[in-house]
A.B. asks: 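Here it is, the structure, as structure tokens.
Keep in mind that the numbers below use all heavy atoms, side chains included, and drop hydrogens, waters and symmetry copies.
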Amino acid sequence: MSFNHVPCFGHVLNTGVTNAFSLQPVKYCTENAVKVRSVFHYSSKMKRALLNEQTNLDLPPLVPPSSSDTRWWSLLLCLNFLYTHNEALKKILICTKHQQMLPTFNQLKLIERILHIMDPLKQLGEALASETKVTISGLWPVYEQLKLNLNKTENIIHNSIQSANLETDSVQLFDNTEDIHFDKNILLEESSTFFSQINYDTEEDGDTDETLNIELSQALNHVELLITDTIFEKLSKRYFENFKTKQLIQLASFLDPRYKAYCLNDCDLSIIKQLLIEELKKSGDQSGEINKNKSLSSKKKRYSGIALFLSKNVPSESTLNDQNIFEAEIEKYIQIPKADLDSDSLAWWKIYKSEFPNLSLLSRKYLCIQGTSVPCERLFSYGGNVITDKRTSLSAEHAEQLIFLSKNSHMIVNS
């Protein structure tokens, strides 16, 4: 089997989100959120004060969470704590030297946008950490869903900017409001102006100037667009611009009964069908197992007379039968209802193996490819538990056996 290299989806997503957290206004908010923990972690007095304010405001008695540089979702916990416990923190830190850690009104609005974007990605990251059902068949539907979410964000931002420019005579923050696909380079050039608006307070007494509100809204939209574009840029480079990788994950997605032609346009579907037919023919020639429905007679028929003359330019009946059988099986597979999204695709193929004998063989080939490197990386943890400081003399063969038993001990039936 020769497959094109498929990058770990979890790693690519992690890289994109980490780059998004490096954007200046986002970085400013996360740095302050991380600093808040140090104020309460080293002071029992501040901890008691926080608990009292949480009790008075009917907030859950939580402590500021810690963060890790290698786990971006830990920053979400810090931002969420800063956002949900802002009133309690304001009462405690307003009169101390730590007042500058309190988020401004604009920053709270930005944190709200960040949480709205990142929370679904956190759930996706947790799902990708599974070892059992995360294969490359699910990568294309996930990619297309993320792309759909990004397009929705761009449309909403485009409409809000266009509406704001129609209602006021303020200067447009985006030069070209006719095109929803903004140039990231242009946005980055204008970033200093927009980012500065995030770092100033907007009055909350109801008398705020309407133009200032519109400018703040556009600045937040600008940052949100940069965040989503930064995240999706990495995914697009790895899974859309690489044609071979794109075809591989689309083919695997088609063979997964939970997705089939879901998220495949007519052009892609036509290409995938042709690839399947070609591979089925090739597999049939090599193994002889494909296409059990054709005639058992494999002897070449001998012609005479006019039939011998015409048979030289007429395709053989077996070739036409193979093509028709493969196409009919693929069309039948498309027509039956998709399996439930939470079902086991291999269990489905075990049931329908007799109904789709040719496609079932290919499903075993493609649906076993992992979509992430999580299982492989976890093996390093198992290896670390086996090869300890006191067991450094283990041979490579013995260490491999112990790691295998440790990883698969749940499959051993106790007698």
A.B. asks: Quick check against the 3.5 Å criterion: does T230 have a side-chain atom that pairs as donor or acceptor with the backbone of L226?
C.D. replies: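 Checked: pair present.
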A.B. asks: Any donor and acceptor pair, going by atom type alone, linking the side chain of Q54 with main-chain N or O of L62 inside 3.5 Å?
C.D. replies: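 Yes.
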A.B. asks: Could you label the plane-to-plane angle of the F356 and W348 rings as parallel, tilted or perpendicular, counting under 30° as parallel and over 60° as perpendicular?
C.D. replies: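 Because their plane-to-plane angle is under 30°, the rings of F356 and W348 count as parallel.
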A.B. asks: Charged N to carboxylate O under 4.0 angstrom, K365 versus E279?
C.D. replies: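 Yes.
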A.B. asks: Determine whether Y262 and E144 make a side-chain contact, defined as any pair of heavy atoms from C-beta on separated by less than 4.5 Å.
C.D. replies: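 Side-chain contact under 4.5 Å: no.
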A.B. asks: Are there more than 12 heavy atoms of other residues, nucleotides or ligands under 6.0 Å from atom CG of D342?
C.D. replies: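 No, CG of D342 has 12 or fewer neighbouring heavy atoms, counting only those of other groups under 6.0 Å.
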A.B. asks: Can any side-chain N or O of S253 pair as donor or acceptor with the backbone N or O of I249 at less than 3.5 Å?
C.D. replies: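 No; judged by distance alone, with no hydrogens or angles, the pair does not exist.
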A.B. asks: Taking I336's backbone N and O only, do any of them form a donor-acceptor pair with K260's side chain (distance below 3.5 Å, no angle check)?
C.D. replies: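 Flag set: sc K260 to bb I336 pair under 3.5 Å.
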A.B. asks: Taking NZ, NE, NH1 and NH2 as the nitrogens, is one of them in K122 or E126 under 4.0 Å from a carboxylate oxygen of the other?
C.D. replies: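 Salt bridge flag = yes for E126 with K122.
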A.B. asks: Other residues, nucleotides and ligands only: do more than 12 of their heavy atoms fall within 6.0 Å of CD on E400?
C.D. replies: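 Atom CD in E400 is not crowded, with 12 or fewer foreign heavy atoms closer than 6.0 Å.
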A.B. asks: To the nearest 0.5 Å, what is the distance between CD (E31) and CE (M101)?
C.D. replies: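 Result: 11.5 Å between the selected atoms.
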A.B. asks: Taking atom NZ as the centre, does K47 end up with more than 12 heavy-atom neighbours from other residues, nucleotides or ligands that are less than 6.0 angstrom away?
C.D. replies: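 It does: K47 NZ has more than 12 such atoms within range.
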A.B. asks: How far does CH2 of W140 sit from CZ of F240, to the nearest 0.5 angstrom?
C.D. replies: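 The CH2 atom of W140 sits 6.0 Å away from the CZ atom of F240.
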A.B. asks: Taking all atoms of both residues into account, what is the closest heavy-atom pair of I136 and L248, and its distance?
C.D. replies: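 Smallest interatomic distance, heavy atoms only, reads CD1-CG, 4.0 Å.
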A.B. asks: Inspect the surroundings of CZ in R71 and state if more than 12 heavy atoms from other residues, nucleotides or ligands are less than 6.0 Å away.
C.D. replies: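 At most 12 heavy atoms, drawn from other residues, nucleotides or ligands, come within 6.0 Å of this atom.
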A.B. asks: Test your reading of the model: is there a side-chain donor-acceptor pair from T392 to the backbone of T388, 3.5 Å cut-off?
C.D. replies: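 Absent.
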A.B. asks: How many angstroms lie between atom CD of Q247 and atom CG of N242, to the nearest 0.5 angstrom?
C.D. replies: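 Here the rounded value is 10.0 Å.
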A.B. asks: How far apart are the closest heavy atoms of A88 and E53, and which atoms are they?
C.D. replies: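 Reported closest heavy-atom pair: CB-CB, 3.9 Å.
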A.B. asks: Determine yes or no for a side-chain-to-main-chain donor-acceptor pair under 3.5 angstrom, with S406 supplying the side chain and I403 the backbone.
C.D. replies: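 No, because the side chain of S406 does not come within donor-acceptor range (under 3.5 Å) of the backbone of I403.
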A.B. asks: Okay, side chain of S270, backbone of D266: is any donor-acceptor separation there less than 3.5 Å?
C.D. replies: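 It does not hold such a pair.
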A.B. asks: Looking at S236 and E233, would you say the former's side chain and the latter's main chain have a donor-acceptor pair under 3.5 Å?
C.D. replies: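 No; judged by distance alone, with no hydrogens or angles, the pair does not exist.
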A.B. asks: Check this for me: R258, atom CZ, are more than 12 non-hydrogen atoms of other residues, nucleotides or ligands nearer than 6.0 Å?
C.D. replies: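 Enclosed.
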A.B. asks: So which atom in S137 and which in A252 form the shortest heavy-atom distance, rounded to 0.1 Å?
C.D. replies: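 The answer is CB-O, 3.4 Å.
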A.B. asks: Counting heavy atoms not belonging to K246, are there more than 12 under 6.0 Å from its NZ?
C.D. replies: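 Enclosed: over 12 neighbouring heavy atoms sit under 6.0 Å from NZ of K246.
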A.B. asks: Salt bridge between K273 and E327, side-chain N to carboxylate O under 4.0 Å?
C.D. replies: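 No, K273 and E327 are not salt-bridged.
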A.B. asks: Would you say the ring centers of F81 and F40 fall short of 6.0 Å from each other?
C.D. replies: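 Not under 6.0 Å, so no.
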A.B. asks: For the residue pair Y333 and F254, does the interplanar ring angle fall in the parallel (under 30°), tilted (30 to 60°) or perpendicular (over 60°) class?
C.D. replies: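 Perpendicular: the ring planes of Y333 and F254 meet at over 60°.
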A.B. asks: Look at the side chain of N14 and the backbone N and O of G10, then say whether any donor-acceptor pair between them is shorter than 3.5 Å.
C.D. replies: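 No: the side chain of N14 does not pair with the backbone of G10.
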A.B. asks: To the nearest 0.5 Å, how far apart are OG1 in T104 and CG in N32?
C.D. replies: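 T104 atom OG1 to N32 atom CG measures 9.5 Å (nearest 0.5 Å).
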A.B. asks: Compare every heavy atom of S67 with every heavy atom of V34, then report the nearest pair and how far apart it is.
C.D. replies: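 Closest approach of V34 to S67: CG2-OG, 3.5 Å.
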A.B. asks: Inspect the surroundings of CG in D69 and state if more than 12 heavy atoms from other residues, nucleotides or ligands are less than 6.0 Å away.
C.D. replies: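 Counting neighbours around CG of D69, 12 or fewer heavy atoms of other residues, nucleotides or ligands fall under 6.0 Å, so no.
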A.B. asks: Donor-acceptor check, side chain of W349 to backbone of L255, threshold 3.5 angstrom: yes or no?
C.D. replies: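 Such a contact is found between W349 side chain and L255 backbone.
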A.B. asks: If you draw a 6.0 Å radius around OH in Y352, do more than 12 non-hydrogen atoms from other residues or ligands fall strictly inside?
C.D. replies: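 Counting neighbours around OH of Y352, 12 or fewer heavy atoms of other residues, nucleotides or ligands fall under 6.0 Å, so no.
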A.B. asks: Rounded to the nearest 0.5 Å, how far does CG of N19 lie from CD1 of I231?
C.D. replies: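 So the gap between those two atoms works out to 9.5 Å.
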A.B. asks: Using 0.5 Å steps for rounding, measure from the CG atom of D119 to the CG atom of L124.
C.D. replies: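 Rounded to the nearest 0.5 Å, the CG-CG separation comes out at 12.5 Å.
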A.B. asks: If you look at every heavy atom in L115 and L76, which pair is closest and at what distance?
C.D. replies: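 Reported closest heavy-atom pair: CD2-O, 3.9 Å.
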A.B. asks: What are the two closest heavy atoms between L110 and C29, and how far apart are they?
C.D. replies: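 Scanning both residues, the minimum pair turns out to be CD2-SG, 3.9 Å.
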